[in-house]
Amino acid sequence: MFRHTKLLQFEAKPEKPDAVYARKLQELIGGAFGEMTVTMQYLFQGWNCRIEGKYKDLIMDTATEEIGHVEMLATMVARLLEGAPSTVTAEAVKDPVMAATIGGMDVQQAIVGGGGALPADSNGYPWNGKYIVASGNLLADFRANVAAEAQGRLQTARLYNMTDDPGVKAMLQFNLARDTVHQKQWLAAIEELKADGLEGDIAPGALLDEEDQTHNHTIWHLSDGPDGAKGASWTTGAGIEYLMDPEPLGGPGTAPKPDPALFGTYAPLQDAKGTAKGKAKEVKNKLT
């Protein structure tokens with residue numbers, strides 16, 4: 001159950017309207033790392049969490065806060081669009097959509113949103129549920145959460161430097177602070193998962209004994225120059241070996257003959273090694 005409190009978590013009042021900046025701010029609402037993404041990411045992580053108690057409560061507390069962040073940003077966008085598009089262009093431009101276009105605002109904010117925020121990014125691309133990560137593995141999810149908050153804070157910092165409006169900057173200062181603490185909490189929660197014996201360093205910790213032991217401690221040197229191997233923390237410090245001249249372990253990556261009904265272009269010059277037909281021919285040749 002969710003309840004809506006009719007007060008914003010932090011004030012969202014610009015000093016003056018700015019339709020162009022309202023479009024930019026859409027990225028923090030419906031972009032890949034916007035507030036809609038972390039809202040839905042944390043909600044589904046919480047709903048999918050199989051452990052009642054501190055971890056689930058932390059996820060749901062943060063998810064519910066993020067709903068409020070969407071509301072703050074949507075309110076700010078609506079207030080930045082006050083009077084738009086009529087105030088952002090010359091009075092000679094009578095058509096509101098033409099005025100929006102010339103003024104640099106998102107025309108969909110005029111056509112679809114009626115002067116309000118949209119569930120979309122700064123280019124008007126609709127928010128997509130594929131942006132979220134909710135796997136059921138808390139270690140993997142919390143690491144994804146750190147990355148999401150880092151990217152969101154990065155975009156907030158960039159937008160902070162794109163405005164001189166004191167009201168907008170004050171709200172973004174609050175958002176920056178919340179992104180900071182959210183990164184800290186997920187990093188701390190990762191360490192607590194380990195301390196509680198629920199997870200280790202690798203996600204997931206299963207099948208470590210069954211994986212190919214030859215290849216679970218090597219970095220393949222596949223870019224020019226020797227600098228990669230100079231990273232002490234991921235070589236000797238982590239027990240990882242840098243293979244400076246790795247060799248391919250498989251045969252040619254040629255696809256087998258296509259189904260004739262698919263009309264794929266095919267020339268039967270030779271059967272690729274690694275395919276069922278190629279292997280059969282190889283065995284036949286050895287026998288003869």
Side-chain angles (χ1 to χ4, degrees), residues 31-33 37 41 45 128 130-155 157-158 179 183-184 186-260 262-288:
F33 300 103
T37 293
Q41 180 156 309
Q45 286 179 7
N128 192 324
K130 286 290 187 181
Y131 295 151
I132 76 165
V133 176
S135 69
N137 181 286
L138 292 184
L139 177 60
D141 284 353
F142 288 176
R143 285 177 173 166
N145 295 352
V146 175
E149 293 287 351
Q151 292 291 340
R153 191 179 190 282
L154 174 62
Q155 293 180 357
R158 288 170 175 166
D179 289 340
Q183 287 187 57
K184 290 180 178 180
W186 297 127
L187 289 168
I190 288 169
E191 295 307 311
E192 190 142 340
L193 282 172
K194 297 177 185 178
D196 287 344
L198 296 173
E199 296 290 346
D201 288 327
I202 304 300
L207 305 180
L208 290 173
D209 292 334
E210 297 187 38
E211 67 190 23
D212 190 328
Q213 302 298 312
T214 304
H215 301 290
N216 64 4
H217 61 278
T218 57
I219 296 176
W220 286 32
H221 176 62
L222 299 172
S223 59
D224 291 340
D227 292 337
K230 296 177 182 178
S233 61
W234 61 80
T235 52
T236 55
I240 299 175
E241 177 187 358
Y242 229 97
L243 297 182
M244 295 305 294
D245 192 21
E247 294 292 334
L249 303 176
T254 306
K257 179 181 178 180
D259 185 326
L262 298 179
F263 308 107
T265 303
Y266 177 71
L269 298 178
Q270 70 178 61
D271 296 298
K273 293 180 180 179
T275 65
K277 190 172 182 180
K279 289 179 179 178
K281 182 173 286 188
E282 186 177 345
V283 170
K284 184 177 179 181
N285 291 339
K286 287 182 179 179
L287 292 176
T288 56

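Since the model is a prediction, treat every value here as computed from it, not as a measurement.
Separation of atoms CD1 (Ile219) and OG1 (Thr235) is listed at 7.5 Å; rounding is to 0.5 Å. How far CD1 of Ile132 is from CD of Gln45: 8.0 Å, rounded to the nearest 0.5 Å. The OH atom of Tyr131 sits 13.0 Å away from the CD atom of Gln41 when rounded to the nearest 0.5 Å. For the atom pair OG1 (Thr218) and CG (Leu243), the distance works out to 4.5 Å, reported to the nearest 0.5 Å. Rounding to the nearest 0.5 Å gives a distance of 8.0 Å between CD of Glu211 and CG of Leu207. Atoms CD and CG, from Glu192 and Leu187 in turn, are 13.0 Å apart once rounded to the nearest 0.5 Å.
The two atoms that bring Thr37 and Gly31 nearest to each other are OG1-O, 3.2 Å, heavy atoms only. The shortest non-hydrogen separation linking Gly200 to Leu139 is O-CD2, 3.2 Å. Val146 and Gln183 get closest at one heavy-atom pair: O-CG, 4.2 Å. Smallest separation of non-hydrogen atoms from Ala140 and Ser135: CB-OG, 4.1 Å. Residues Pro204 and Asn137 come closest through the heavy atom pair CB-ND2, 3.9 Å.
Counting heavy-atom neighbours within 6.0 Å of Asp259 CG, excluding the residue itself, gives a total above 12. More than 12 heavy atoms of other shown residues, nucleotides or ligands fall within 6.0 angstrom of atom CG in Asp212. For Ile202, the CD1 atom is loosely surrounded, since the number of other residues' heavy atoms within 6.0 Å does not exceed 12. For Lys194, the NZ atom counts as densely surrounded, since its 6.0 Å shell holds more than 12 non-hydrogen atoms of other residues, nucleotides or ligands.
Remark: side-chain polar atoms of His221 are paired, donor with acceptor, to backbone N or O of Ser223 under 3.5 angstrom. Listed for the Trp186 side chain is no donor-acceptor partner under 3.5 Å among the backbone atoms of Asp141. At least one donor-acceptor pair closer than 3.5 Å links the side chain of Gln213 to the backbone N or O of Leu208.
Annotation: side chain of Ile190 is in contact with side chain of Arg143 (closest heavy-atom distance under 4.5 Å).
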